[in-house]
Student: 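Take this structure, written in structure tokens, and hold onto it; I'll ask about it next.
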Amino acid sequence: MKPSALQPNRRVISFRSPTAAPLDGGAAPSDDPLIRSPAGLFWLLLHAICCLLSLALGYRFARFLVFLFLFSPSFPLSSPGLLLLHRRPDLPLSLPQPPPPNATASRVVVGRHGIRVRAWPHPDPAEVISAHRILGRVQREQRLQYGVRNPHPLLVVTPTYSRTFQALHLTGLLHSLQLIPYPLTWLVVEAAGRGAASNETANLLARSRLPVLHLPFPGRMPLRWSDRHRFESRMRLHALRVIKERRLDGIVVFADDSNIHSMELFDEIQKVKWVGAASVGILAHSGKLETAAQRQLSKEVEEENSPVPIQGPACNSSDQLAGWHTFNSLPYVNKSATFVGDGGTVLPRNLEWAGFVLNSKLLWKEAEQKPDWVRDLDEVVRNGEEIESPLDLLKDASFVEPLGSCGKKVLLWWLRVDARYDSKFPPGKWENSADLVWRETRARGRDVVYRS
Amino acid sequence: MGKGSWLLPLLLVSSLLGTISVQELEQRHRTERISGSAGDVLEDDPVGRLKVFVYELPSKYNKKILQKDSRCLTHMFAAEIFMHRFLLSSPVRTLNPEEADWFYTPVYTTCDLTPNGLPLPFKSPRMMRSAIQLIASNWPYWNRSEGADHFFVVPHDFGACFHYQEEKAIERGILPLLQRATLVQTFGQRNHVCLKESSIIIPPYAPPQKMQAHLIPPDTPRSIFVYFRGLFYDVGNDPEGGYYARGARASVWENFKDNPLFDISTEHPITYYEDMQRAVFCLCPLGWAPWSPRLVEGVIFGCIPVIIADDIVLPFADAIPWEDIGVFVAEKDVPKLDTILTSIPPEVVLRKQRLLANPSMKQAMLFPQPAQPGDAFHQILNGLARKLPHPRNAYLKPGEKILNWTAGPVGDLKPW
């Protein structure tokens, strides 16, 4: 389709030869000494000028001469190149000599054309919005045609408490939930933080335009990470109890406020029948600034394990659940964090709650076709058992359905980032940055400790 | 009660019919019927409507050329070879030339490849001439009509003008001996020397298995607005720009290179086919010739083709309503391309996608082996069948001669 460089100088060849003619013809020296006659002088000067011009401009000048001297109607399609400047903004295409009268009028002309560039070749915001509207409509149609026919509503369980980074984490989660195309109910279980009681969480949730169930939880969030994991489990169980009492229908997702969820997760969990498990990527990191030696050590540690540790279902070759990938905490033994915000690496449990999804009918007292391999929630709570992950709620873990092409796809990321427990932070809105800067400059007078 | 006794069964029957028709409506909502100016002809079966006689040429015109270079089977001009193979085993083939409506000459004129894989057209006129001389001397059917009931497949850049450079191709014009024959070609541009009134435009060859192998699930959301991969400046042949693609591709680059809605680049990724399935619009600008395999790829992958080539004639234009399916942008409107595309109402976009989703549309663009009903081979035969019966001036009176056997450049007259 495109001619390769078979004849690399085809245009130069075709135009050089005619050029020689007028110059030669024009500059033919007569027998008389040139310098004497004014005509000869004139031609000599013209010759010199032509030589200099062609030295400077090359074949463009030659083409100009062809256009000027050798114009004939048998070349209706010779290029009008010199009349157009390259990349002149808004320059209209100036047509060459009109086509011969007997030919059918073709608007398309062979030859060199200008490259049209408009005056402001940058995107226009209104058009970008229309484009996104078109994309949104196309994707909605795709979802209608190929997506889930009867989507189940979602019940998102989030344990949280008021702290420095709460607004950061919760806003991120809020935005993710706002993007979900399915009906959802957000159960936010709030425990008391270190500071005085405030309604920060309530303010954040009020702006979310999502249906929220704000459940207060008695007790203060502990400082030690090991206690904190247990406390969060109890908060989640409280939410599950509420689901059971009110007989809320849907698929229960455990979305911690600092985790990162991909939208594909929410499409994938629609396929769950009773209990599903997805692969969770663990972003375990240290809060300290590392020296060069420590960085080298951590790199070695990384090379031993996979680059990012993943928790989730493990399948055998026939795509059935065969076991579990859990978190290997050995490399982090010396560096693990004890208190919130102490700079050590925060380690997850062996299997995090976030990787599991439940059908809420499992929790109801009575539901049709409820399987018998699930334990009664009230019994578990009454016994005061230590629930580490939803697997403890099941009698038989082999009925768990692996999600995300049998765990090969990582659908969410577990992360714990928190400032020091005694960090003071300005209460109120974070989005008004001018407000924030003002507050910060006022606060610098006091004792403020921030950790990034 | 007399009146009420038939009401209940009527209600039952109508509700049953209602559920059935709702399901049908759902099916129909995914695709839409294609009908061009020739009618709903994409699903027509040409068998029984025409008979084609295939001339037996010596293998130096076809098999030996293919043996010399087997790349001819995979490049975008491979339609001529596959058409021959299809006709040899097709039910429309007849071994009795007296009852044939159309005559096919299997000569592979686009199989003389450079080391890079591009076909050289310099020997093609002589080869075609030699083939025609052979059939004219060995069978009486050429002289009977001087080729008016013969068809040839010429898939090269500018069809039967047999040159890759447009100016030279226009100078040469269509080979004089093919003046009365029907040409099956990929090149189509209105009011151009190299397109005859009676030509049938076909899509370029694109490997069907390779494309089927790269299909992704249809629920993958289409998140790219405009997609294009290819050259904007052909630095090897046109370093200044403005000659290649009549400056249209360069204009696309200069205007939209920093526009986040336009995913355009010269890098050819491994996920090219997958990316096309995630895009809403695919640009199909002209290059050195106005046609391009991108149109076929866009149709197969459901990406709406944005055709930037003035006066282009698209494949099977009488059977496929390209105006309804693709977006046509004049070359002078390229700086306003983003305004044009974003101002298309979403319902129109959805309708175009429904038309593209029609399986008969996708089949009509492909050359599968073995041939399947509704594919490009059958559309070519449908086109040929629609030209029947031949007009009265097709057959010459005895002694009448129209063709000039010595017309054309002197170099063409040399034997091959």
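In what follows, every chain begins at residue 1, and chains take the letters A, B, ... in the order their sequences are listed.
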Student: If you count heavy-atom pairs within less than 4.5 Å of chain A, which of B:R222, B:E166, B:E331 leads?
Tutor: B:R222
Student: Does B:N255 use its side chain to pair, donor to acceptor, with the backbone of A:R118 at less than 3.5 Å?
Tutor: yes
Student: Would you check if the side chain of B:E167 reaches a backbone N or O of A:G111 as a donor-acceptor pair within less than 3.5 Å?
Tutor: no
Student: Check each of B:D338, B:L341, B:T342 against A:S130 using the side-chain contact (heavy atoms from CB on, under 4.5 Å) test, and report the only one that passes.
Tutor: B:T342
Student: To the nearest 0.5 Å, what is the distance between CZ (A:R116) and NZ (B:K336)?
Tutor: 10.0 Å
Student: Would A:Q139 and B:S223 count as having a side-chain donor-acceptor pair, cut-off 3.5 Å?
Tutor: no
Student: Is chain A contacted by the side chain of B:F158, its backbone, both, or neither, given a heavy-atom distance below 4.5 Å?
Tutor: neither
Student: Contact between B:V349 and A:R137 at the side-chain level, heavy atoms closer than 4.5 Å - yes or no?
Tutor: no
Student: Considering all heavy atoms of both residues, which atom of A:I115 and which atom of B:G247 are nearest to each other, and what is their separation?
Tutor: CG2-O, 4.2 Å
Student: State the CD-CD distance between B:Q353 and A:Q142, to the nearest 0.5 angstrom.
Tutor: 7.0 Å
Student: Kindly compute the distance separating CZ (A:R143) from CG (B:D219), expressed to the nearest 0.5 Å.
Tutor: 10.5 Å
Student: For B:K123, does the NZ atom have more than 12 heavy-atom neighbours from other residues, nucleotides or ligands under 6.0 Å away?
Tutor: no
Student: Between chain A and each of B:L261, B:V334, B:V193, count heavy-atom pairs under 4.5 Å; write down the option with the most.
Tutor: B:L261
Student: Would you indicate whether B:K257, at its atom NZ, is surrounded by more than 12 heavy atoms from other residues, nucleotides or ligands within a distance under 6.0 Å?
Tutor: yes
Student: Short question: side chain of A:R112, backbone of B:G241 - any donor-acceptor pair under 3.5 Å?
Tutor: yes
Student: For A:V138 versus B:L350, what's the shortest heavy-atom pair and its separation?
Tutor: CA-CD2, 4.2 Å
Student: Quick one: list whatever passes side-chain hydrogen bond (donor to acceptor under 3.5 Å, both in side chains) with A:K271, sequence neighbours left out.
Tutor: A:E268
